[in-house]
A.B. asks: 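One structure follows; several queries about it will come next.
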Amino acid sequence: MQYKEAKDKFINTWGSLGSLWGINKAMAQIQALLFITPKPLSMEDIMVELKISRGNTSMNLRQLIDWGIVSKELVAGERKEYFTTEKDVQELARVIAKERSRREIKPVIKVLKDVSSIEDNSPEAKELIKQTKALHELTETADEMINKLVNQKQNWITKSLVKLFT
């Protein structure tokens with residue numbers, strides 16, 4: 001397999017996996033392209049390489065910046081904006097895990113807490129409260145575990161797995 005074919009295969013596979021992680025294909029492909037490119041890329045570079053529109057590129061770059069995965073980088077003598085992504089796989093995983101917790105798990109925890117705090121003594125309400133309290137505790141525990149893992153900055157995945165299995 002030659003470089004171009006390998007690069008395209010990686011970007012397309014990463015893009016397809018994006019939907020499993022709750023992001024769209026173009027967003028994942030942009031991140032993948034930036035991840036394997038040694039120098040920062042302009043929006044135009046990204047558009048040409050991935051064959052996507054300016055609007056799609058702009059919107060997805062903005063979302064990636066909001067996630068904390070992509071950042072703007074100044075290139076001396078250039079007026080265009082250039083973009084780069086976190087290259088350290090461990091740090092990238094840490095940032096994604098923290099952001100997913102903030103965007104997805106924390107809102108669920110809040111809803112479960114609110115729902116399990118209703119004041120109603122009917123048998124149906126008691127069952128709702130019982131089940132949502134149990135789910136709230138489980139979700140909160142899982143989120144705390146994730147936060148402990150991701151707050152171990154250096155090599156957190158490996159360290160955590162070693163601690164788990166020893």
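Treat the numbers as computed from the prediction; the structure is a model and nothing was measured. Computed over heavy atoms, backbone and side chain alike; hydrogens, waters and symmetry mates excluded. Along the sequence shown, residues are numbered consecutively beginning with 1.
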A.B. asks: Is a donor on one side and an acceptor on the other found under 3.5 Å between the side chain of Asn56 and the backbone of Ile52?
C.D. replies: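 Answer holds: no.
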A.B. asks: Any chain of hydrophobic side-chain contacts (each under 4.5 Å) joining Ile129 to Leu112?
C.D. replies: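 No, separate clusters.
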A.B. asks: Should the pair Arg62-Asp66 be classified as a salt bridge under the 4.0 Å nitrogen-to-oxygen rule?
C.D. replies: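 No salt bridge links Arg62 with Asp66.
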A.B. asks: Once you round to the nearest 0.5 Å, how far does NZ of Lys113 lie from NE2 of His136?
C.D. replies: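 Lys113 atom NZ to His136 atom NE2 measures 6.0 Å (nearest 0.5 Å).
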A.B. asks: Apply salt bridge (Lys or Arg N to Asp or Glu O under 4.0 Å) to Glu49 and Lys4, showing your working.
C.D. replies: CA-CA 11 Å; Glu49 182 70 37; Lys4 174 76 171 129; 3.8 Å; yes
A.B. asks: Would you sort out whether Ile65 and Ser71 count as a side-chain contact (heavy atoms from CB on, under 4.5 Å), showing the intermediate values?
C.D. replies: CA-CA 6 Å; Ile65 290 168; Ser71 58; 5.9 Å; no
A.B. asks: For Trp14 versus Ala28, what's the shortest heavy-atom pair and its separation?
C.D. replies: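 That would be CD1-O, 3.1 Å.
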A.B. asks: Which heavy atom of Ser53 sits nearest a heavy atom of Met47, and at what distance?
C.D. replies: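 Distance-wise, the nearest heavy atoms are O-CG, 4.1 Å.
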A.B. asks: Would a hydrophobic clustering, with Ile, Leu, Val, Met, Phe, Trp and Tyr connected at side-chain separations under 4.5 Å, put Leu17 with Met27?
C.D. replies: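 Yes, same cluster.
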A.B. asks: Test Ile30 against every option in Leu61, Ile11, Val70 by the side-chain contact (heavy atoms from CB on, under 4.5 Å) rule and name the one that passes.
C.D. replies: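 In the set Leu61, Ile11, Val70, the residue that makes a side-chain contact (heavy atoms from CB on, under 4.5 Å) with Ile30 is Leu61.
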A.B. asks: Evaluate the side-chain contact (heavy atoms from CB on, under 4.5 Å) criterion for residues Asn12 and Gln29: first the C-alpha distance (whole Å), next the side-chain angles of each, then the deciding distance (0.1 Å), finally the verdict.
C.D. replies: CA-CA 7 Å; Asn12 287 324; Gln29 287 179 322; 3.0 Å; yes
A.B. asks: Tell me if a side-chain donor or acceptor on Thr13 pairs with a main-chain N or O of Lys9 at a distance below 3.5 Å.
C.D. replies: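 Flag set: sc Thr13 to bb Lys9 pair under 3.5 Å.
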A.B. asks: Show the nearest heavy-atom pair for residues Pro40 and Glu73, with the distance to one decimal.
C.D. replies: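 Here Pro40 and Glu73 meet closest at CG-OE2, 3.1 Å.
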A.B. asks: For residues Asn121 and Lys126, report the shortest heavy-atom separation together with the two atoms involved.
C.D. replies: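 Heavy-atom minimum between the residues: O-CE, 3.3 Å.
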A.B. asks: NZ of Lys110: more than 12 outside heavy atoms within 6.0 angstrom?
C.D. replies: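 Open.
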A.B. asks: Just do the side-chain contact (heavy atoms from CB on, under 4.5 Å) check on Phe83 and Leu64 with the steps written out, would you?
C.D. replies: CA-CA 10 Å; Phe83 301 90; Leu64 287 163; over 6 Å; no
A.B. asks: Does Met145, at its CE atom, have more than 12 non-hydrogen atoms belonging to other residues, nucleotides or ligands within less than 6.0 Å?
C.D. replies: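 Count not over threshold, so no.
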A.B. asks: Is it the case that more than 12 heavy atoms not belonging to Lys7 sit under 6.0 Å from its NZ atom?
C.D. replies: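 For Lys7, atom NZ is crowded (more than 12 foreign heavy atoms under 6.0 Å).
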A.B. asks: For the backbone of Thr139 and the side chain of Asp143, can you confirm whether one donor and one acceptor N or O come within less than 3.5 Å of each other?
C.D. replies: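 Checking the backbone N and O of Thr139 against the side chain of Asp143, no donor-acceptor pair under 3.5 Å is found.
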A.B. asks: For Ser42, does its backbone N or O pair with a side-chain atom of Asp45 as donor and acceptor, under 3.5 Å?
C.D. replies: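 Answer holds: yes.
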A.B. asks: Tell me whether Ile36 is reachable from Leu50 by hopping between hydrophobic residues (I, L, V, M, F, W, Y) whose side-chain heavy atoms are closer than 4.5 Å.
C.D. replies: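 In one cluster: yes.
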A.B. asks: Any idea which heavy atoms bring Met1 and Ala6 closest together, and the distance?
C.D. replies: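 Reported closest heavy-atom pair: SD-CA, 3.4 Å.
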A.B. asks: For the backbone of Asp88 and the side chain of Glu86, can you confirm whether one donor and one acceptor N or O come within less than 3.5 Å of each other?
C.D. replies: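 Between the backbone of Asp88 and the side chain of Glu86 there is a qualifying donor-acceptor contact (under 3.5 Å).
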A.B. asks: Spell out, yes or no, whether Leu135 and Ile118 are grouped together once hydrophobic residues are joined by side-chain heavy atoms under 4.5 Å, including indirect joins.
C.D. replies: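 Per the 4.5 Å side-chain linkage, Leu135 and Ile118 are not co-clustered.
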A.B. asks: Write down the atom of Trp67, the atom of Glu99, and the distance for their closest heavy-atom approach.
C.D. replies: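 It is CE3-CG, 3.3 Å.
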A.B. asks: In this structure, would Phe10 and Tyr3 fall into the same cluster of hydrophobic residues linked by side-chain contacts under 4.5 Å?
C.D. replies: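 No: no chain of side-chain contacts under 4.5 Å links Phe10 to Tyr3.
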A.B. asks: Is Lys87 reaching over with its side chain to a backbone N or O of Phe35, donor-acceptor style, under 3.5 angstrom?
C.D. replies: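 Yes.
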